[in-house]
Undergrad: 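My questions will all concern the structure given below.
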Amino acid sequence: MSDRKRLTRIFKMHGLSLQASALDTLLDVVQREAEVGRNKADVNNVIFNIIDEIKDRRIQGGNGSGGRSSSVGNIVTSALLEDVVADFRRDAKDVSDDAVQLLDAFHMPRLDFDRMRKNFSLVPSGKEERTLYGEAVAKVDMFNQRYALIQQRILRQDIFQPKLVTNRLGRSAQNNGGTHTITPVESLLGRSGRRFLLGMIVQVEEGKYYLEDHTAQVPLNFSEASLLTDGFVTENSVVLIEGEAIDGILHVHNMGSPIVENRLDSIKAIGLQNSDVFNSIGSLFEYEKLREQEIEHGEDGMFVVLSDVYLDSPAVIEKIERMLEGYSDFSPLPIFVFMGNFTSKPLSSASEGTKAMISYFEDLANVICKFPNVANEGRFVFIPGPNDPGITGVLPRGPIPNYFTSALRSKVKNVMLASNPCRMRFFTKEIVFFRDNLVSKMRRSCLIEPRQDSNGQLSSHAIKTVLDQGHLSPLPLSTSPIYWQHDHALRLYPFPDALICGDRVEQYYETYEECDAINPGPFSNGFNFVVYCPVAEVSGSQTKSDVELCEVP
C-alpha cells in the first residue's frame, strides 16, 4: 500500500479527513523522518502524535485564535497541519524565546470596572484615544477607577459579606457576628456611633485632609488614630477606617490598608480574558498549553537585574565586564535587565551632555562585544531612571531615546528599550519592572508614622503600601506626577507574580500574598544585583520561583 493511501486510511480511522494539500505536507514529514534514520514504528508514533494534537485542538474549538490554523469540522487543512508540525519541531530555546514578551506602559490595555453593572472589561490601547495631557475629566476618572477597583475587592471579602440565617420562626435575620458593613460617607449625616468606611484621603485645603468616596467627602481628625496595618498612609491612598462622625468631622479611631487578595483569586473575579494584558492567551486551552510549556521548559529562564548602573564610572564598567564573563558560558543565557540612572549625575541637555551619554552606551557595547556569544544571543532590556534622558519627572516615562543608544543597538543584537514601568511575560508569569525612589518618597509624604514591625524596615512598609493600594505610586501628584490617561499602567491589579523595583536602598526580597517583591539595590554602590528565576522548581503542576541576592566581587 502506498504511503498516500495508508496515511489517508489512518486519518479516516480517527475520524479525520485530509485535504490534498495537507496530505502532501504530511508525506513530506514522513519522508524527512525516514531520511534521519527513523524506523517505521517511530514514524507511526510521529503520525499518531500529530493526530492526537489535531483532535485536542478540535475539542478545544481550534487553536483558540480563529486564524490560519483553525480547522473546520473533521477536515484537516494544510495550514493546521503545518502549525501542528511546527509546534513539534520547536526546541527548548524556541519555546523559551517565544515565552518572553515585553509590554510598554503606553501600549498597555486598560482594565475598566463598571460600578453599575459590576463587570470588568479590558480596553485595548487602540480602542480609545490617550494623550499625555488629558482633560480634567481624565483626572476624575483616574481616581474613580483606583477607588472602584479597591472597593469591589473589599466588598468580596467574607468580613464584609452579610450572612443571612433563618430563626426558629422561619424569618430571615441579619447575622452580624464576624461581619461588618461599610458605610458610605454621605450616610454619616445624622448617624451616631462608630462606623466602618472605605475612602481615599484627599487634601481639599492646605493642611486639611478629607476622606472621600464616590458619594461625598468628610473632614478627618487623625489625632487619636491607631494604625492597625503595616505600610505608609499618604495623600491619595485608599484606607479602611473605623471612626465616629461628631459635628461634621470624622474622628478616626482605627485605620488600616485595604484587604488584599492573591493573583489567582483576582483573576477568578476578573476573568482570564480580562486579565490578559499581553493579549497572549486566546482561550483556556492556550493557557493550559502555556502552563505545560512552562513546567517543561520554564526552569531554563533567568533574569539578571541591575539598578543604578552608572556608565560614567570606570569601576562600574569593569564590574559589568566581570559579571558578563561569569554568565557568558550559560546556555541559555539569562535576560539582562539594566535599570537607570545610567549616569551618576544628570547630564545637561547641551551637546556636551548628549555626546557624553552616547559615548557611555558605546563603552557598554564594547564591553558586551568582548563576549560574542552574549552580544549575539543575549537579550538586554534598558529601563530609564528618574535622571536619564527623555521626558522626566512624570510617570509613566518613555524609553531612552534611540539617538543615545544607536551604537549599542548596532553592536548588540537583541536590545529592548523599555518604558518605566514596564511588564514582561515569561510563559504565564507576569513580572513588573519599576525604577523609582519609593522609600524616600513615601517617607516624606506619610501622614501617620508607620508601625514599628518586627524587622523595622521602611522598604517593607513601601512594598506593602504599593501592593495594598494596587498601584506603584499612591502618592500626592505634587510628589509623583502621573499622566492621567496612562495611570492604569501603574496599577498592580491583579498582583504580578513578581515586582522588581529598583530603589536606592539596600537589597531586599520578600514575598507578600504570593508576589515576589525584589529590590536589586544600587549597582553603583557595592555592585549588587539580583538573579530571579520565575520557575526554579517544578512539583507536579506547581512551580516555585527563586531569588538570589548577588554581588560582583
Side-chain angles (χ1 to χ4, degrees), residues 100 102 104-105 302-328 330 333-344 346-347 356-371 374-375 377-390 392 397-402 404-424 431-437 498-504 507 518-532 549-552:
V100 179
L102 182 67
D104 182 274
M302 180 188 297
F303 293 81
V304 174
V305 188
L306 297 74
S307 181
D308 283 279
V309 187
Y310 292 169
L311 301 179
D312 57 343
S313 168
V316 167
I317 294 295
E318 178 187 346
K319 296 297 184 179
I320 290 175
E321 181 177 351
R322 184 173 295 183
M323 182 195 72
L324 293 176
E325 182 181 6
Y327 288 108
S328 60
F330 276 48
L333 286 166
I335 297 174
F336 298 96
V337 181
F338 286 52
M339 293 195 278
N341 299 313
F342 291 107
T343 56
S344 54
L347 296 179
M357 181 60 81
I358 292 173
S359 68
Y360 296 149
F361 276 108
E362 188 170 6
D363 292 341
L364 176 62
N366 293 334
V367 168
I368 296 174
C369 287
K370 290 182 180 180
F371 311 98
V374 176
E377 302 293 334
R379 284 171 286 183
F380 291 83
V381 181
F382 292 87
I383 301 170
N387 297 332
D388 289 324
T392 60
R397 65 154 294 172
I400 296 172
N402 289 336
F404 295 96
T405 60
S406 56
L408 175 67
R409 288 180 289 109
S410 65
K411 295 179 180 181
V412 181
K413 186 175 180 181
N414 300 307
V415 173
M416 293 174 277
L417 302 179
S419 61
N420 182 25
C422 66
R423 295 166 194 256
M424 191 171 286
I431 308 166
V432 174
F433 294 94
F434 184 47
R435 171 63 185 92
D436 201 15
N437 300 323
L499 169 60
I500 302 181
C501 180
D503 201 342
R504 288 200 60 80
Q507 289 179 305
I518 307 162
N519 172 33
F523 189 78
S524 57
N525 182 19
F527 310 111
N528 304 309
F529 66 98
V530 297
V531 175
Y532 176 60
L549 305 180
C550 305
E551 178 183 339
V552 180

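Bear in mind the structure is a predicted one, so any value in this text is a computation, not a measurement. Heavy-atom basis, side chains included; hydrogens, waters and symmetry copies ignored.
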Undergrad: Please identify which of these residues, Val432, Ile500, Val100, meets the side-chain contact (heavy atoms from CB on, under 4.5 Å) condition with Met424.
TA: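 Of the listed options, the one satisfying the test is Val100.
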
Undergrad: Quick check against the 3.5 Å criterion: does Asn519 have a side-chain atom that pairs as donor or acceptor with the backbone of Asp503?
TA: yes

Undergrad: Would a distance-only check, ignoring hydrogens and angles, find a side-chain to backbone donor-acceptor pair under 3.5 Å from Asn525 to Pro522?
TA: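 No, because the side chain of Asn525 does not come within donor-acceptor range (under 3.5 Å) of the backbone of Pro522.
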
Undergrad: Would you call the rings of Phe380 and Phe338 parallel, tilted or perpendicular, taking 30° and 60° as the class edges?
TA: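 Taking Phe338 first and then Phe380, their aromatic rings sit tilted (interplane angle of 30° to 60°).
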
Undergrad: Taking atom types as modelled, find out whether Ser344 and Asp312 have a side-chain donor-acceptor pair closer than 3.5 angstrom.
TA: yes

Undergrad: Run the ring pair (Phe, Tyr, Trp, His ring centres under 6.0 Å) test against Phe371 and tell me which residues pass, sequence neighbours left out.
TA: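 Per chain and number, Phe371 pairs via ring pair (Phe, Tyr, Trp, His ring centres under 6.0 Å) with no residue.
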
Undergrad: On a heavy-atom basis, which atom in Gly340 and which in Asp388 lie closest, and how many Å separate them?
TA: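 Scanning both residues, the minimum pair turns out to be CA-OD2, 3.4 Å.
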
Undergrad: Take Phe342 and Phe361, measure what ring pair (Phe, Tyr, Trp, His ring centres under 6.0 Å) needs, and give me the verdict at the end.
TA: CA-CA 9 Å; Phe342 291 107; Phe361 276 108; 5.6 Å; yes

Undergrad: Can you list every pair that meets side chain to side chain donor-acceptor pair (under 3.5 Å) and has a residue in residues 316-326, with sequence neighbours left out?
TA: Glu321-Lys370

Undergrad: Over 60° means perpendicular and under 30° means parallel, so classify the ring planes of Phe529 and Tyr327, tilted if in between.
TA: perpendicular

Undergrad: Do the side chains of Met302 and Ile335 get nearer than 4.5 Å, heavy atoms only?
TA: no

Undergrad: Could you tell me whether the side chain of Tyr360 reaches within less than 4.5 Å of the side chain of Thr343, counting heavy atoms only?
TA: yes

Undergrad: Tell me every residue that passes salt bridge (Lys or Arg N to Asp or Glu O under 4.0 Å) with Lys411, counting only those two or more places apart in sequence or in another chain.
TA: Glu362

Undergrad: Are Ile368 and Ile320 packed together at the side-chain level, in the sense that at least one heavy-atom pair is separated by less than 4.5 angstrom?
TA: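 No, every pair of side-chain atoms sits at 4.5 Å or beyond.
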
Undergrad: Closest heavy-atom contact between Pro389 and Pro401?
TA: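 Nearest pair, atom of Pro389 first, then Pro401: O-CD, 3.6 Å.
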
Undergrad: Heavy atoms only: give me the nearest Met339-Pro520 pair and the separation to one decimal.
TA: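 Closest heavy-atom pair between Met339 and Pro520: CE-CG, 4.1 Å.
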
Undergrad: Mind checking whether Phe433 and Phe303 have side chains closer than 4.5 Å, heavy atoms only?
TA: yes

Undergrad: Do Ile431 and Arg423 touch side chain to side chain, with heavy atoms closer than 4.5 Å?
TA: no

